[in-house]
Amino acid sequence: MTAHPLRVLIAEDNADLRDLLVTLVSAEPDLRCVGTAEDVDAVIASTSEHKADVLVLDLELQGRSSIDVLKTVRSAGSKITIVVFSGHAHPEMIRHTLAAGADAYVPKNGDFELLLDAIRDR
């Protein structure tokens with residue numbers, strides 16, 4: 001376990017799911033939600049502003065692919081762990097996302113323990 005709770009930034013454009021993820025993360029003693037974002041531009045700005053350890057990133061935010069976020073964050077040299085949380089489970093999409101810089105890919109299949117494990121496995 002880390003010396004401080006892992007700081008988690010949640011990027012999800014569905015407000016109900018975003019609220020659920022905030023509640024889920026906040027209920028864990030070793031995790032702390034430090035912010036949320038609902039579009040690509042807000043995610044890019046928030047990664048440095050909130051100094052998060054982990055970014056939980058929806059693959060599609062406001063109709064745009066989050067691959068832009070992956071490339072931008074990685075090219076800036078950020079050490080943030082990026083866990084993509086997506087409804088897209090096609091193997092080629094998963095490979096493309098991991099190749100673009102994601103550290104983990106978790107399907108939105110209702111198994112939130114997988115997401116929590118991916119957040120902690122940084």
Side-chain angles (χ1 to χ4, degrees):
M1 193 175 286
T2 60
H4 63 82
L6 288 175
R7 298 176 305 265
V8 181
L9 174 63
I10 297 170
E12 170 62 55
D13 58 354
N14 178 301
D16 292 334
L17 182 54
R18 186 174 56 248
D19 291 345
L20 177 65
L21 293 174
V22 168
T23 300
L24 179 74
V25 167
S26 298
E28 299 296 313
D30 59 333
L31 305 177
R32 183 167 56 101
C33 182
V34 294
T36 63
E38 60 186 58
D39 62 53
V40 171
D41 295 332
V43 176
I44 292 170
S46 295
T47 54
S48 60
E49 174 187 340
H50 292 294
K51 295 185 176 31
D53 299 306
V54 180
L55 168 61
V56 175
L57 179 64
D58 182 13
L59 195 56
E60 287 189 17
L61 295 173
Q62 300 292 338
R64 270 178 73 190
S65 171
S66 296
I67 297 296
D68 294 340
V69 172
L70 290 167
K71 291 178 180 177
T72 300
V73 170
R74 291 302 178 222
S75 69
S78 174
K79 300 293 185 203
I80 192 169
T81 298
I82 301 175
V83 177
V84 171
F85 188 54
S86 176
H88 299 283
H90 189 275
E92 184 60 31
M93 178 60 74
I94 295 169
R95 279 191 294 279
H96 179 68
T97 303
L98 294 171
D103 296 293
Y105 194 103
V106 178
K108 288 181 181 176
N109 63 4
D111 187 350
F112 293 110
E113 285 303 315
L114 289 175
L115 178 61
L116 292 173
D117 289 345
I119 290 170
R120 290 182 175 109
D121 190 29
R122 53 182 302 269

If I take atom CG from residue D13 and atom OG from residue S66, how far apart are they, to the nearest 0.5 angstrom?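 Spacing of CG (D13) from OG (S66) equals 8.0 Å.
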To the nearest 0.5 Å, tell me how far D117 CG sits from F112 CZ.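 So the gap between those two atoms works out to 13.5 Å.
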Are any of the side-chain heavy atoms of [X] and [Y] separated by less than 4.5 Å?
X    : Y   : answer
L70  : L57 : yes
V69  : I44 : yes
H96  : I67 : yes
Y105 : L59 : yes
R74  : I80 : yes

Please assess D121 against V83 for the test side chain to side chain contact (heavy atoms under 4.5 Å, CB included), listing each intermediate value before the final yes or no. CA-CA 10 Å; D121 190 29; V83 177; over 6 Å; no
Could you state whether [X] and [Y] fall into the same hydrophobic cluster, counting links through intermediate Ile, Leu, Val, Met, Phe, Trp or Tyr residues with side-chain heavy atoms under 4.5 angstrom apart?
X    : Y   : answer
L116 : V8  : yes
V40  : I82 : yes
V106 : L24 : yes

What closest approach, in Å, do [X] and [Y] show between heavy atoms, and which atom pair accounts for it?
X    : Y    : result
E12  : K108 : OE1-NZ, 2.8 Å
I119 : V54  : O-CG2, 3.7 Å
A89  : I94  : O-CD1, 3.7 Å
C33  : V25  : N-CG1, 3.8 Å

Electrostatic pair D58:R18 at N-O distance under 4.0 angstrom: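 A salt bridge is absent here (no side-chain N lies under 4.0 Å from a carboxylate O).
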Between R32 and D53, is there a side-chain N and carboxylate O pair less than 4.0 Å apart?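 Salt bridge between R32 and D53, a charged N being under 4.0 Å from a carboxylate O: no.
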Would you please test L17 and L21 for side chain to side chain contact (heavy atoms under 4.5 Å, CB included) and show each step? CA-CA 6 Å; L17 182 54; L21 293 174; 4.2 Å; yes
